[in-house]
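Step one of this worksheet: look at the structure below.
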Amino acid sequence: MSPLPICVTCGTQYAAAREDCPICEDERQYVPASGQRWTSLDEMRASGEYAARIEEEGPGLLGIGTQPRFAIGERALLVRAASGNFLWDCVAYLDDEIVRRVTELGGITGVAISHPHYYTTMVEWARAFDVPIHLHESDREWVGRPDPAIEYWSGRTHRLADDLTLVNLGVHFAGGTVLHWNHGKGALLSGDIVQVIPDRKFVAFMYSYPNLIPERPEIVQRAGELLEPYEFDAIYGAWWDSTIPADGHDIVRRSVKRYLEHVR
């Protein structure tokens with residue numbers, strides 16, 4: 001696979017060896033008290049410790065993750081869209097089993113990622129499936145491994161296909177993005193830009209989750225305004241089973257209202 005260094009804490013792959021991980025040193029993430037540690041895809045595969053976890057996460061959605069949990073622990077989503085399979089978010093671990101399973105399902109047409117904490121080994125995925133990576137240009141500085149496969153987009157929306165639209169909400173990171181899937185009653189794939197929380201009657205918005213820094217109220221208000229025109233019933237967050245199956249649009253609306261009442 002690849003000997004390039006991967007940060008054990010956040011899963012970001014870099015183009016060359018280095019002592020620091022800028023993503024972890026940013027105030028939205030952290031360097032563990034035990035210090036910075038590195039691995040690589042070659043080391044992860046050779047260890048025999050890791051395996052793919054591939055399970056249905058919802059109608060037309062296949063979750064792809066790693067067992068045991070690695071780095072931040074998010075899982076990606078393979079969207080079985082009418083316009084073609086599409087990969088939303090990314091995980092660091094990639095092996096022949098994942099490539100085989102995704103290829104058997106028809107491959108993917110592209111990759112889009114909500115924010116830099118999930119960039120991980122995105123270039124490895126793009127090369128394995130010969131597809132582009134769609135990233136918002138506001139987060140260009142956080143790319144640890146530049147590559148021609150990366151296509152930067154600007155503005156608030158980017159239409160990938162008739163049924164898939166990226167929306168830049170600016171929550172968590174300036175380029176923080178969600179994916180709207182126009183399928184059935186609609187679905188919002190939110191990463192942790194719009195965070196699915198244990199109380200499924202609400203969602204949350206944070207600048208930093210591990211360090212408990214709230215998002216700026218004007219950013220949250222704008223995010224609510226940007227999502228208002230989109231119809232979606234379900235919301236799929238960044239982790240296994242982090243799903244709100246119904247009433248998603250109203251839940252976002254009242255969550256924004258509650259958030260602004262508390263912080264203001």
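We number each residue from 1, following the sequence as shown.
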Could you walk me through whether Arg200 and Asp247 pass the salt bridge (charged side-chain N to carboxylate O under 4.0 Å, His left out) check?
CA-CA 10 Å; Arg200 297 298 204 259; Asp247 199 30; over 6 Å; no

With sequence neighbours excluded, what pairs up with Phe129 under the ring pair (Phe, Tyr, Trp, His ring centres under 6.0 Å) test?
none

Measure from the side-chain N and O atoms of Ser138 to the backbone N and O of Gly175, and report whether any donor-acceptor pair falls under 3.5 Å.
no

Are any of the side-chain heavy atoms of Tyr152 and Val143 separated by less than 4.5 Å?
yes

Same cluster or not: Ile150 versus Ile113, using hydrophobic residues (I, L, V, M, F, W, Y) connected whenever any side-chain heavy atoms lie under 4.5 Å apart?
yes

Just verifying a value: how many Å separate Glu56 CD and Leu61 CG, rounded to the nearest 0.5 Å?
8.5 Å

Go through the steps to decide whether Phe70 and Ile6 satisfy the test side chain to side chain contact (heavy atoms under 4.5 Å, CB included), and finish with yes or no.
CA-CA 11 Å; Phe70 176 74; Ile6 295 174; 4.1 Å; yes

Taking the inter-plane angle between the rings of Tyr14 and Trp38 on a 0 to 90° scale, is it parallel (under 30°), tilted (30 to 60°) or perpendicular (over 60°)?
perpendicular

When you look at CZ of Arg37, are more than 12 heavy atoms from neighbouring residues, nucleotides or ligands closer to it than 6.0 Å?
no

Please give me the minimum heavy-atom distance between Ala223 and Val171, naming the atom from each residue.
CB-CG2, 3.8 Å

Test of understanding: with side-chain hydrogen bond (donor to acceptor under 3.5 Å, both in side chains), list the residues that count as partners of Thr243, not counting sequence neighbours.
none

Do His183 and Val79 have side-chain heavy atoms sitting under 4.5 Å apart?
no

Relative to the ring of His158, is the ring of His134 parallel (under 30°), tilted (30 to 60°) or perpendicular (over 60°)?
tilted

Closest contact, heavy atoms only, His136 versus Gly155:
NE2-O, 2.8 Å

Using 0.5 Å steps for rounding, measure from the CH2 atom of Trp181 to the CZ atom of Arg80.
9.0 Å

Hey, are Glu124 and Ser2 close enough side-chain-wise for a donor-acceptor pair under 3.5 Å?
yes

Any residue meeting salt bridge (Lys or Arg N to Asp or Glu O under 4.0 Å) with Arg127, in chain and number order, not counting sequence neighbours
Asp147

Is the backbone N or O of Thr12 less than 3.5 Å from a side-chain atom of His117, with the two atoms forming a donor-acceptor pair by type?
no

The test is salt bridge (charged side-chain N to carboxylate O under 4.0 Å, His left out); show your working for Arg101 and Glu104 and say whether it passes.
CA-CA 5 Å; Arg101 290 282 300 277; Glu104 287 176 349; 5.0 Å; no

Below 4.5 Å, heavy atoms only, C-beta onward: do Thr157 and Asn168 meet side chain to side chain?
no

Interatomic distance, Trp153 atom CH2 to Leu135 atom CG [nearest 0.5 angstrom]:
10.0 Å

Are Trp125 and Leu189 in one and the same hydrophobic cluster, where Ile, Leu, Val, Met, Phe, Trp and Tyr link if side-chain heavy atoms are under 4.5 Å apart?
no

Are any of the side-chain heavy atoms of Glu49 and Pro68 separated by less than 4.5 Å?
yes

Tell me, do Met122 and Gln13 make a side-chain contact under 4.5 Å, heavy atoms counted?
no

Would you please name every residue forming a side-chain hydrogen bond (donor to acceptor under 3.5 Å, both in side chains) with Asp89, sequence neighbours left out?
Ser114

Determine, using the 4.5 Å side-chain heavy-atom cutoff (strictly less than), whether Leu94 and Leu62 are members of one ILVMFWY cluster.
yes

How far does CZ of Arg69 sit from CD of Gln67, to the nearest 0.5 angstrom?
14.0 Å

To the closest 0.5 Å, what do you measure between CZ (Arg140) and OG (Ser154)?
10.0 Å

Test Glu225 against Arg222 for salt bridge (charged side-chain N to carboxylate O under 4.0 Å, His left out), laying out the working first.
CA-CA 5 Å; Glu225 293 169 353; Arg222 180 59 175 156; 3.6 Å; yes

Whether Thr39 side chain and Val8 backbone form a donor-acceptor pair below 3.5 Å
no

Could you tell me whether Glu231 atom CD has more than 12 heavy atoms of other residues or ligands within 6.0 Å of it?
no

Taking all heavy atoms of Thr9 and all of Tyr30, pick out the closest pair and write down the distance.
CG2-O, 3.7 Å

Side chains of Asp192 and Tyr118: donor-acceptor distance under 3.5 Å anywhere?
yes

Decide whether Gln36 and Arg18 meet the rule of one side-chain donor and one side-chain acceptor closer than 3.5 Å.
no

Are Val196 and Leu188 connected, step by step, through hydrophobic side chains (Ile, Leu, Val, Met, Phe, Trp, Tyr) whose heavy atoms are closer than 4.5 Å?
yes

When you measure from the side chain of Ser190 to the backbone of Ile193, do you find a donor-acceptor pair of N or O atoms at a distance under 3.5 Å?
no

Mind checking whether Gln221 and Arg264 have side chains closer than 4.5 Å, heavy atoms only?
yes

Residues that Asp233 engages under side-chain hydrogen bond (donor to acceptor under 3.5 Å, both in side chains), provided they are two or more places apart:
none

Tell me whether the rings of Phe173 and His115 are parallel (<30°), tilted (30 to 60°) or perpendicular (>60°).
tilted

Answer yes or no for Arg45 and Tyr50: cation-pi contact, defined as NZ/CZ to six-membered ring centre under 6.0 Å and angle to ring axis within 45°.
no

Considering only heavy atoms from C-beta outward, does the side chain of Glu25 approach that of Val31 to under 4.5 Å?
yes

4.5 Å side-chain heavy-atom contact, Leu78 and Leu105
yes

Would you say Ile244 ends up clustered with Trp239 if hydrophobic residues are merged whenever their side chains have heavy atoms under 4.5 Å apart, either directly or through other cluster members?
no

Rounded to the nearest 0.5 Å, what separation is found between the OG1 atom of Thr103 and the CD1 atom of Ile108?
9.0 Å

Using the side chain to side chain contact (heavy atoms under 4.5 Å, CB included) rule, take Leu166 and Leu160 through it: C-alpha gap first, then chi angles, then the decisive distance, then the call.
CA-CA 7 Å; Leu166 297 172; Leu160 297 165; 3.8 Å; yes

Distance under 6.0 Å and angle within 45° of the ring axis: does Arg28 meet both against Tyr209?
no

Please check if atom CG in Asp199 has more than 12 non-hydrogen atoms from other residues, nucleotides or ligands closer than 6.0 Å.
yes

For residues 210-217, dump all side-chain donor-acceptor pairs below 3.5 Å to protein atoms at least two apart in sequence or in another chain.
unit_1: Asn211; atom_1: ND2; unit_2: Glu27; atom_2: O; d: 2.6
unit_1: Asn211; atom_1: ND2; unit_2: Gln29; atom_2: O; d: 2.8
unit_1: Glu215; atom_1: OE2; unit_2: His172; atom_2: N; d: 2.7

